[in-house]
Structures are given as C-alpha cells and as structure tokens.
2 protein chains.
Amino acid sequence: MGTPRAERADAARNRQLLLATAREMVAEQGVENVTMDALADRAALGKGTVFRRFGTRAGIFHALLDDDERAFQERALSGPPPLGPGAGPVERLVAYGQARIGFLLEHYDIARAALDGSQPAPAGEGTISRVHIRMLLGQASLGAADLDMLAVQLTAALEGPFLLYLSASDPADAARHTGRMAQSWQDLVQRICRT
Amino acid sequence: MGTPRAERADAARNRQLLLATAREMVAEQGVENVTMDALADRAALGKGTVFRRFGTRAGIFHALLDDDERAFQERALSGPPPLGPGAGPVERLVAYGQARIGFLLEHYDIARAALDGSQPAPAGEGTISRVHIRMLLGQASLGAADLDMLAVQLTAALEGPFLLYLSASDPADAARHTGRMAQSWQDLVQRICRT
DNA sequence: CCAATAAACGGACTTCACCCCGCTTAGTAT
DNA sequence: ATACTAAGCGGGGTGAAGTCCGTTTATTGG
C-alpha cells in the first residue's frame, strides 16, 4: 500500500532502451535532431510510450544528464581531496565549483536541452550542486546566515553563467570564458567565507 | 547608409497595437493563452506580421518586459536614494537587489514567458541588472577582482532563485520566500564587499 | 494454469510555433 | 503626380510536442 507498486519489467527495459537510443542519436545527429517521433521510431516503440516514460522532451535529456551526474557526484562525495573529503570545506567548495564548470562544459548541449521553460524546476530544488554546496557551507563556520538560501544563491552564481548568461552562443564561446569563471568562483567563495 | 533605415510608420503602429493587445490578453486570459494566432486575430492582423515584428513568441513577452523595465531602470538610475544616486555603492547594491526582487515578483509570469530555451540569451548579456550591478561594483572599491564576471555571478545569484530555482511552482510560492531572499541578498553583498 | 486488473502500449489526432512567398503599400526620388 | 523599390503584410503550409483512448500484456492471487 505504501509502495505505489514497482515499475513493470517491460517498462524498465523500454526506459533503458530509449535512453540508450537517445544517446546514440545525440552522438550521431546532435541534440536538436532528437525528436520524439524519431526517437520512438528508432527504438521501434510508439510515441505514446516515450511520453509515458519521460513526460516531456526535456525529461529525456534530464534523465540522460542524471546518469552522467551520478559519476560526478561520486567523485565529489567520496573521491580524493580537494574535491572529496579530506580537505577543508572552503577548499572543497572551490574545487567543487571548478569541477562543476568542467562538467557543465562537457555536457553543454544535453544540459541545455534538459532546460525548458515549462513547469518542472529546470535544475530544480533537489539539484546536486545545491545540496552539495549546502553541505559544505554547513561545515565552513560562517555566522548565522541563512545557509539554505545562500546555497541557492551560490548555485545560481556557479551555474547561472552557463545556463543563463552564456547560453546564447555555442559551447566554444562558453569554453573561452571557463578560466575566468573558475578564477572568479574561487574569489567569490573566498570573499564570502573569510572570517 | 550607416542607418539601416528607420522602421516604417505602419509597422511602428502595428507594433504598438500588438503590444497593447498582448497586454490585454495577458490580463484577461493569462500568459499561456496568448498564442500567436489568437494575438494576430484579436489585433486583426496576419500571423506573419506578428512574427515579423517579434521574431518569436518569447520575443513578445521580452518586449512587454522591456517596457516595464524602463520605469524600473529610471528609478535605479536617477531616483531617490538608497536606490538612486546619493547613497554609497554597497547600500545601493542592497537596495537594488531588494527592488529587483519585488519587480520580478510583480512580473513573474511575463518574465517567465520571456524566457525560452532557444538562441537569444534569456536574460542575456545586456541585462539591466548586470549592467547596473557592474556599475555599482566599480564604485565600491574592491580589490582587483574580475568585476565583469563578478557582476554576472551576482546577477545570477539575484535573479537565479526566481528564474532558475523557484520557477517550478506558482508565484505564490515564490512570494513566500521573498523576504528571505531579500535578507539573504543583503548578507551576500555585505559579505562580498566588506573590506 | 487461469482469471482479473492495473499498467503499458501504439498511433491517430490536436494544437501551436514558426516558415514561405506572392501581393500590397509606405516612403522617395524625379 | 508618378513610378520605383524595399519594407511590410497575409495566411496557408509544415513539423514537432503533447493528448487520448481503445487494445495488449505483465503481474498477482487463487
């Protein structure tokens, strides 16, 4: 009763199939050519199925990105310092931001496609970055600031330049600014966290 | 030769008509019911005309928002302190953020509709906020940081919580967090700008 | 193994953003 | 005035997202 019944086996299989197929299509033809019809056709499934599984076009890319983020999260949570535990919280914050910038650059188009002006929170409430940053802020001993909101602001400051401000042009353009973004992130974090 | 020839009179008239009509429709039926067809019909113009004028659906809302922002910008540039000139730069930064939060809340749905996963930078390079924040940062005497990038980060930290993180649910939900956002913005700015 | 049932499936259908291109008209030069 | 031309206009056409509902199938309890 509490459990809303697990996903049926065929459904799970199809989800995997669709994800794999989508990844192929992205690699071969670029994000913009992954249409719901084409994806359904290539996976030899009905269009209805695709929508049932992912709800929306953006949903597919969101799922794809989630996959990729799992490995990244692993490194941040239990990898070697300064990204993983073992370094001080501020040092880890800096390292996290720099790693995240690299990650976003690497997955630029999928991340962009996962965005969508519609209902579900684009990089929503439960983002990896927000949670991780919140955790590290808790370890740095700042004054009695509103750490939850600060985490949201910092996440925006970190990812915004990509998702909001540099999204106009192509990845190459974003790549050109990567160095400055990383440096500036370090400055920002250190300014905020100095006692 | 340098001037690409001014907009024709009838074109300008139609632009105004469309803007006014769009505003009516937003007021009466909400943003999501403003379709290009409906707008064209109601303004008694062809659909092609609408696209010629605004390029894209988001373009309409962008234009609408620009209008509203003009008044806001006026206050920030030459209104009474602490928002306008006369107060110190840090004080003005704080005031700007708080005013901007109010503005965004007030224009929530249009701002959201002006966004769009496509080419033109959503809140792009030339945003009012970015430019204004950049200016004030220049007046605060910070160390030799990368002020341009810092301005981008701060803009994201200010507007991101709306456009990126709270966009999931309805305005009422965002309104509930407004106070915390304003307070947190103040903290953030003061942390960054303290010598 | 069999019946029952809730989930999954497929694909036609609807709705909309955006494109295209032949026709019309405002501005301008003679 | 008149003729010329570039800008503007209209609205049918296209492609893709998302919905609906009748049909099929995995799962579970007997």
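Chain naming here is simple, since letters A, B, ... match the order of the sequence lines and numbering starts at 1 in each.
- For DNA chain D, the residues of residues 29-51 of chain A within the heavy-atom distance limit of 4.0 Å (strictly under) are A/Thr35, A/Met36, A/Lys47, A/Phe51, sorted by number.
- Here the side chains of A/His132 and A/Leu136 are in contact, with some heavy-atom distance below 4.5 Å.
- Looking at B/Leu65 and B/His107, their side chains come closer than 4.5 Å, going by heavy atoms from C-beta outward.
- Under 4.0 angstrom from either OP1 or OP2 of D/dG8 there lies no side-chain N or O belonging to B/Arg15.
- Distances shown here put a side-chain N or O of A/Thr56 below 4.0 Å from the OP1 or OP2 atom of D/dG18.
- In this structure, B/Arg15 forms a cation-pi arrangement with B/Phe54, its terminal cationic atom sitting closer than 6.0 Å to the ring centre and no more than 45° off the ring axis.
- A/Asp67 and A/Arg23 are joined by a salt bridge, as a carboxylate oxygen and a charged side-chain nitrogen come within less than 4.0 angstrom of each other.
- Atom pair A/Phe54:CZ and C/dA8:P shows a separation of 13 Å (rounding to whole Å applied).
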Contact state string [nucleotides 24-30 of chain C, B base, S sugar-phosphate only, - no protein heavy atom under 4.0 Å]: -BSS---
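- Among the heavy atoms of the strands lying under 4.0 Å from A/Arg52 is at least one base atom, whether or not backbone atoms are also near.
- The distance from atom CG of A/Asn14 to atom P of C/dA7 is 17 Å, rounded to the nearest whole Å.
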side-chain contact (heavy atoms from CB on, under 4.5 Å) evaluation trace for B/Asp148 with B/Leu137: CA-CA 9 Å; B/Asp148 287 321; B/Leu137 283 178; over 6 Å; no
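- The pair A/Glu28-A/Arg42 meets the salt-bridge criterion, with a side-chain N (NZ, NE, NH1 or NH2) lying under 4.0 Å from an Asp/Glu carboxylate O.
- Partner of A/Phe61 under the side-chain contact (heavy atoms from CB on, under 4.5 Å) criterion, out of A/Val26, A/Leu115, A/Asp66: A/Val26 alone.
- Note on A/Arg100 versus A/Glu106: no salt bridge recorded, every NZ/NE/NH1/NH2 to OD/OE distance being 4.0 Å or above.
- As rounded to whole Å, 13 Å separates atom C1' of D/dG10 from atom CZ of B/Arg53.
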